[in-house]
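Here the structure is laid out as structure tokens; the discussion comes afterwards.
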2 protein chains.
Amino acid sequence: MFKIGEVARLSGCSRETIRHYEKLKLLNPPRRAANGYRYYDETAIKRLGFIRHGRSLGLDLQTISELLALAEHPDSDCASADRIARHHLERLEERIASLERLADELRSVVVQCGGGRVADCRIIEALFDARYEAE
Amino acid sequence: MFKIGEVARLSGCSRETIRHYEKLKLLNPPRRAANGYRYYDETAIKRLGFIRHGRSLGLDLQTISELLALAEHPDSDCASADRIARHHLERLEERIASLERLADELRSVVVQCGGGRVADCRIIEALFDARYEAE
DNA sequence: GCTTGACCCTGCAATGATTACAGGGTTTAG
DNA sequence: CTAAACCCTGTAATCATTGCAGGGTCAAGC
């Protein structure tokens, strides 16, 4: 049985975040000691690891919550999990492509200024230039 | 002279966003007609274009505000603009590299499930797997 | 016994950028 | 004259998290 601070250290989520997940019903309310302290078991830590891992992959809490719901029915079909992951991968690839375009544009804009005047600055100029308006 | 709706159409920022920028002092308070309507000139539209362009590059409003302040002093040194842009480019490149790693992991996780049981699902399994804990 | 510091609790406000109301007033075209 | 399309203000929502105020509790050392 672990207090919230230990769980925070073990799971990598802050105490505030853990209480927040409880409020959002991503985590079952843990047992409480007589003094009101939360006490957790290992499954809560695993669950927090799952959430953290999902977050680090850029999944939102809603999506993670869906995956957790799936994980609670081990005998059901995993096609949904597959669909969710594939969908997320697609969005991720789009996002990367879009950031690559932006980096290209920034690179083309970041030139040697060597102490020039703002009036001649390509960076400022480029930002005022409507030709490159994005998505 | 343009009303806020026209400015919204011309600049690509919504009316709410324009009023929001005014509140954040990114935009000078425009002239008001007797009925209280905001009236803008072309410089406001240019400024909004600058902000939108910056946002589309992933700059935050604080950064954009700094660049706008620079742009207002055309005779000063543009080294600051250069530094801001380079710094942002670096962060962007880091972000892209990190997203690439995530996409790789997701790709390795998204395998054919073909109607398997959740209990055997690689996706769920991988999310529970602490080995891949990220940044 | 008593202080100190490390914990824990609740509930609410902040972040950043935007969007979405609610609850009004004004203008314009039919 | 009325309906639609505009405008106004102010406030609250979004998302995921963090921070704070204002408490209570616990273990160790004096």
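In what follows, chains are A, B, ... by sequence order, proteins preceding strands, each numbered from 1. Just so it is clear, the values below take in all heavy atoms, side chains as well, and ignore hydrogens, waters and symmetry mates. What you are looking at is a predicted structure, and each value in this text was computed from that prediction instead of being measured.
Checked by atom type and distance alone, the side chain of A:R47 pairs as donor or acceptor with a backbone atom of A:L26 at under 3.5 Å. A donor-acceptor pair under 3.5 Å is absent between the side-chain atoms of A:E93 and the main chain of A:E90, judged by distance alone. In terms of modelled atom types and a separation under 3.5 Å, the side chain of A:R52 and the main chain of A:C13 share no donor-acceptor contact. Side chain of A:E72 to main chain of A:A69: no donor-acceptor pair is present (N/O by atom type, distance under 3.5 Å, no hydrogens or angles).
For the OP1/OP2 pair of D:dT18 and a distance below 4.0 Å, the side-chain nitrogens and oxygens of A:T17 include at least one atom meeting the criterion.
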### Contact letters for nucleotides 3-16 of chain C, in which S counts primed atoms plus P, OP1 and OP2 and B counts the base, heavy atoms under 4.0 Å
----BSSB------

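For the pair A:R101 and A:D104, the salt-bridge criterion is not met [side-chain N within less than 4.0 Å of a carboxylate O].
Distance B:L59 CG to C:dA17 P: 10 Å, rounded to the nearest Å. The separation between A:I18 atom CD1 and D:dT18 atom P is 11 Å, rounded to whole Å.
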